Amino acid sequence: DIQLTQSPSSLSASVRDRVTITCRASQDIGKFLNWYQQKPGKAPKLLIYDASNLETGVPSRFSGSGSGTDFSFTITSLQPEDIATYYCQHYDTLRITFGQGTRLEIK
Amino acid sequence: QLQLQESGPGLVKPSETLSLTCSVSGGSINSSSDYWGWIRQPPGKGLEWIGSIYYSGSTYYNPSLESRVTISVDTSKSQFSLKLRSVTAADTAVYYCARIDTGYADMDVWGQGTTVTVSS
C-alpha cells in the first residue's frame, strides 16, 4: 500500500509569509494527489486536485506542484483565514490514502 | 447545488453495529462520474478513508476495516449507507460522507459530519 508522509507536522508562520508543505509518497503516484484544508469543527475542503489544479473558487494564493513521489503545497501570502490543518490525499487501485496532516498556525 | 447530509445515532454501544446514512440532494446519485464515500476522523486525529461505492453497487473498502464494514446504496432514495460491526471505543469519530470524482478521486462535496461515540 502507498503511504503519504507530510512535513512538517505543524508549522507556525506570520501573515503574508510564504508557506510550503510537502507530501512524499512511498512510490511513484504520477500526479494523482489532492490537497484539502480543514478548519476546526468543519469538513475538509478541496483546494488542489491532480497535484496542481486549483479547484474552482479557491484563491490563487494556493498552489500545488510535483509528480512521482514528491509534492508540495504552497500559500504565497498567508492570510489569517488560512489557519487550518492541510491534508494530502492519493487514490490508487480504488483505495484512498490521506497524509497525516500539517497543522498551520499564525505566529 | 449538490448537498450531502449524514444521519444516524450519535451513541453506539461497544460490540454493536454503527449505522449511518448519507442523503444526496441537488444532484444525481446515479452519476457515472462519481463515487460516494465514507471518511472518519477520531478526536484530535487525521482523516481515515473507510470505503466507497459506485451507484451500481460496486464497493471498495479500507483493508484495515474491510472485515467489519458494509457500504450500500439505495438509488431510489438517493442515499448510501455505512454499517460498521463490532465497534469499540476506537471507532469513536466524526463520520463524513463525500462525493468522489472518478477521474482524480478528489472529494469536492462533503457532508457536515456526524459525531458517533462508542460507549456503554
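Predicted, not measured: the structure shown is a model, and the values here were computed from it. A, B, ... follow the sequence lines: proteins, then strands. Residue 1 opens every chain.
F80(B) and L2(B) fall within the same hydrophobic cluster, where Ile, Leu, Val, Met, Phe, Trp and Tyr residues are linked whenever their side-chain heavy atoms come under 4.5 Å apart, directly or through other members. Criterion: ILVMFWY side-chain heavy atoms under 4.5 Å apart, direct or through other members. Under it, L65(B) and M107(B) are not part of a common hydrophobic cluster. Follow the hydrophobic side-chain contacts under 4.5 Å out from I106(A) and you reach I75(A) in the same cluster. Under the 4.5 Å side-chain heavy-atom criterion for Ile, Leu, Val, Met, Phe, Trp and Tyr, V24(B) and I71(B) are members of the same hydrophobic cluster. Follow the hydrophobic side-chain contacts under 4.5 Å out from F71(A) and you never reach F32(A); the two are in separate clusters.
In terms of heavy-atom pairs under 4.5 angstrom with chain A, the leader among V94(B), L47(B), I39(B) is L47(B).
The shortest heavy-atom contact between A43(A) and G111(B) is CB-O, 3.3 Å.
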Could you list the donor-acceptor pairs under 3.5 angstrom formed between side-chain atoms of residues 12-20 of chain A and any protein atom two or more places apart in sequence or on another chain?
residue: D17(A); atom: OD2; partner: S14(A); partner atom: N; Å: 2.9
residue: T20(A); atom: OG1; partner: T74(A); partner atom: OG1; Å: 3.3

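If you measure heavy-atom distances from P44(A) to chain B, the contacts under 4.5 Å come from both the backbone and the side chain.
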Can you pull every donor-acceptor pair closer than 3.5 Å across chain A and chain B?
residue: N34(A); atom: ND2; partner: Y104(B); partner atom: O; Å: 3.1
residue: N34(A); atom: ND2; partner: A105(B); partner atom: O; Å: 3.4
residue: Y36(A); atom: OH; partner: M107(B); partner atom: N; Å: 2.7
residue: Q38(A); atom: OE1; partner: Q41(B); partner atom: NE2; Å: 2.9
residue: Q38(A); atom: NE2; partner: Q41(B); partner atom: OE1; Å: 2.8
residue: Q38(A); atom: NE2; partner: Y96(B); partner atom: OH; Å: 3.3
residue: K42(A); atom: O; partner: Y96(B); partner atom: OH; Å: 3.2
residue: Y87(A); atom: OH; partner: Q41(B); partner atom: NE2; Å: 3.3
residue: Q89(A); atom: NE2; partner: A105(B); partner atom: O; Å: 3.0

